4 protein chains.
Amino acid sequence: MAETARKREGKGREGRRQRRIVRRRREILAAAARVFAGKGFAKATTREIADEADVAEGTLYNYFGGKREMLLAMAEEMETPFETAMIAVSGQDDRTAAIALFEAAFAFSETQIPFVRALLSEAWVDDELLEQFFTARWARVEERIRAYIARRIAAGAFRPFDPALGARAVVGMYLGLMLPVIRGIASLPSPEECRALAETITDLLLDGVRVRVES
Amino acid sequence: MAETARKREGKGREGRRQRRIVRRRREILAAAARVFAGKGFAKATTREIADEADVAEGTLYNYFGGKREMLLAMAEEMETPFETAMIAVSGQDDRTAAIALFEAAFAFSETQIPFVRALLSEAWVDDELLEQFFTARWARVEERIRAYIARRIAAGAFRPFDPALGARAVVGMYLGLMLPVIRGIASLPSPEECRALAETITDLLLDGVRVRVES
Amino acid sequence: MAETARKREGKGREGRRQRRIVRRRREILAAAARVFAGKGFAKATTREIADEADVAEGTLYNYFGGKREMLLAMAEEMETPFETAMIAVSGQDDRTAAIALFEAAFAFSETQIPFVRALLSEAWVDDELLEQFFTARWARVEERIRAYIARRIAAGAFRPFDPALGARAVVGMYLGLMLPVIRGIASLPSPEECRALAETITDLLLDGVRVRVES
Amino acid sequence: MAETARKREGKGREGRRQRRIVRRRREILAAAARVFAGKGFAKATTREIADEADVAEGTLYNYFGGKREMLLAMAEEMETPFETAMIAVSGQDDRTAAIALFEAAFAFSETQIPFVRALLSEAWVDDELLEQFFTARWARVEERIRAYIARRIAAGAFRPFDPALGARAVVGMYLGLMLPVIRGIASLPSPEECRALAETITDLLLDGVRVRVES
DNA sequence: AATGAATGAGATTTCATTCAT
DNA sequence: CATGAATGAAATCTCATTCAT
């Protein structure tokens, strides 16, 4: 049942304090993400982050151990909608499932983008972050796609080809469309556009570009 | 004839000097690329670059105006094999042409990778560099693919779909395979692997994953 | 009333902070002036300035944008006692007025000297500084002297000669006496010496060195 | 007797070599003076001096031990026309002698100015240079003027006043007129102007500005 | 004797982090 | 807990001088 925030977080004053701390932490993290996204982690200064979050520099250190730790916190707190979507679509036919997944994957919120952009930026250069943010997360998605393809090939529904390669190609198609958005040189697609993109790309994947030659 | 080199590069001593300068410049640039690739542009220090190039720090400034200028020099001097390959394949059938192009695109040399990795790293964050290195180069490739697709659709050879989207999907597939290589978490494919990758991916693109349903 | 300081400078803690900042800024500027005076602007290092001011190097940059800005701050904050003195003496006879002016001009404080020495040093070489510090300030003094001489010639009190030249000669006499002091090879005159200097120099100016030939 | 340069400097080839070296040394020194005059000793770079002298940087070190030594060479080689002029005028009446001296002192050549400007600039800040260039030279001039004034006072020709102060005032008048020229904000006076300046200033000195009151 | 590339000491400046208030 | 001035390590860059050619 819908317990009050009071009950959830504690008793009265203490609960309010806790909630304020959590909220402030999130604000700082979002500010940091925006700054990192704009200039990259290394070029971002704590001064800028503090200004963006509208707190003093020293305050940052009450919530995070340092600049680096903010980045790691982002990596940890990033949500992965794919995972849940993936489970939701099991049992549906290829096309319906693929479209639903792509649609979910395209659906970024405006505020999430800075986080992803910041993390991608550093993961490109920092092995520890790549491991935490990517290999551990993204690779799981790819693995599931691979397994799915393998199953469909075994079932005779898909032509025989390397499923790992296929999975990577699928992920690649997605990247090709989303990277420009995350980089900030293409605009975030509206829900309708997400749907359309998902459909087109699914059809490309399933049937290719070529007109079927009648036998 | 002993005159050849002389004539090509200049007059004896002066020519030798010129060649030494060009060679040294290239060595420094390669060293810088390796360092940038490893830690990203911003975290790389001139000290490290100098060490990697085995010269004194001051020497760097005899060849480049500064760190940033090295990056720009990389962007300018990057070769783009795609372009030439693209012209070479005109007039062949879809499959042969696509395979040849992908093969050319996969064929990076070991020494080129640090350059690309370094440039990608900064282009993710630096708009000027993105413009110079990417939008101006890469976008041209995409545009040509788009035009090709549009022509094939008009000719009735391809199913009707948004050619821009298709082009981006093609580029995306390529990215999905090459980014891990450039990032350094997958190994550079051998020439044979390049060929195999090119074939598989081409077939996926042309005919999709699905087994054709007999009519 | 205890409220006075509060009201003047601000509200308690904030006022104290402001005053501390202003004080610190002045300390640093004085330290910089001493170092500049000793070795010239270009040879002075931020390290030395920091040591002289007994702060860390980084602290300098919390108060000034850099070495050059310190110099400009000096130029701006320099007081010009001449101006005020000039106005004060209007209406008095030639001799009284001239003596008062010279006396005011000779009255440098020990702490002002490094500022003037530092500024002169750079103004000798830097056109922008010369403009800001000198042409704009000093030239006004000369101009007023010129106008005065011109008036007195018109009134028949002074012999006819080029007033501009005369003004420059007056300024020159002053320079001849003060430059060694500012340079640090002559000692600052005591108030009594200032008075004596002013009288002697005034008499030289008004009547020359020659004994009057009785007619 | 007008010996040929050949005989003076040596025999044939060797003499030519010697003369070339001397000439080159002078060229470099003049170039250095121009650069020092423009930006001050400390901000001037050996690169600029080499460019100005149209030789390679390394060549400078074949003629001078280093940057500093160029400055000292300037101080040594500076001519002092005052000295000779001073002797030439002995025995003439006050006015004629003073005019001749001032005229000689105003007569700078265009090429001498950079030397003086460069030396003044550093002497303002460098005690060793001040000693060599000034105290040792200039002070002698002042001393002679002082002695002259003392003699004339003793002879009853000049009013009684501190002769040292008078000497300094005379030098000061000269400075007031020449400093702007050396600094480069006033133009070098033509020979006619020199004469006029000398006369006006001499009359000011001897008789002052005031019209004589008839007794 | 002339050259100019290489050198590296040293200068300026930035900025993450600390800590007294 | 918030603040922001102080810190000093570290980074970039300059330039007088050397030395092999």
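Keep in mind it's a predicted model, so treat the numbers as computed, not measured. Every chain is numbered from 1, with letters handed out A, B, ... down the list of sequences. The basis for the numbers below is simple: all heavy atoms, side chains too, and nothing from hydrogens, waters or symmetry mates.
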With sugar-phosphate meaning primed atoms plus P, OP1 and OP2, does [X] contact a base, only sugar-phosphate, or nothing at under 4.0 Å between heavy atoms?
X: C:A50; result: nothing
X: B:G58; result: base
X: C:A42; result: nothing
X: A:R68; result: nothing
X: A:R24; result: sugar-phosphate
X: A:I21; result: sugar-phosphate
X: B:Y63; result: sugar-phosphate

Task: 5' priority, DNA chain F, between D:E57 and A:V55 [closest heavy atom] - done: A:V55
Atom pair distance, as rounded to whole Å: [atom1] in [X] and [atom2] in [N]:
X: C:R23; N: F:dA6; atom1: CZ; atom2: C1'; answer: 15 Å
X: A:R20; N: F:dC1; atom1: CZ; atom2: P; answer: 8 Å
X: A:R47; N: F:dT3; atom1: CZ; atom2: C1'; answer: 12 Å
X: B:K43; N: F:dA11; atom1: NZ; atom2: C1'; answer: 14 Å
X: C:R19; N: E:dT21; atom1: CZ; atom2: P; answer: 16 Å
X: C:E69; N: E:dT12; atom1: CD; atom2: C1'; answer: 14 Å
X: C:L60; N: E:dA11; atom1: CG; atom2: P; answer: 14 Å
X: C:D54; N: F:dG8; atom1: CG; atom2: P; answer: 11 Å

Open item on the list: Please name the nucleotide paired to F:dC13 by Watson-Crick or G-U wobble geometry with both distances under 3.5 Å, or report none.
Closed with: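 F:dC13 is paired, partner E:dG10.
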- [ ] Please determine, for F:dT21, whether a Watson-Crick or G-U wobble partner exists with both distances under 3.5 Å, and give it or none.
- [x] E:dA2
Any Lys/Arg nitrogen of [X] or [Y] sitting under 4.0 Å from an Asp/Glu carboxylate oxygen of the other?
X: C:K43; Y: C:E48; result: no
X: D:R68; Y: D:D126; result: yes
X: D:D127; Y: C:R183; result: yes

Selection from [options] that lies nearest to any side-chain heavy atom of [X]:
X: D:A56; options: E:dG4, E:dA11, F:dC15; result: E:dG4
X: B:Y61; options: F:dG4, F:dA16, F:dT14; result: F:dT14
X: A:N62; options: F:dG8, E:dT7, F:dT3; result: F:dT3

Side-chain N or O of [X] less than 4.0 angstrom from OP1 or OP2 on [N]?
X: D:R17; N: E:dA1; answer: yes
X: B:T46; N: F:dA11; answer: no
X: B:T59; N: E:dT7; answer: yes

Within this structure, what is the [atom1]-[atom2] distance for the pair [X] and [Y], rounded to the nearest 0.5 Å?
X: B:D54; Y: B:E27; atom1: CG; atom2: CD; result: 9.0 Å
X: A:M74; Y: A:F64; atom1: CE; atom2: CZ; result: 7.5 Å
X: B:I49; Y: B:I28; atom1: CD1; atom2: CD1; result: 9.5 Å

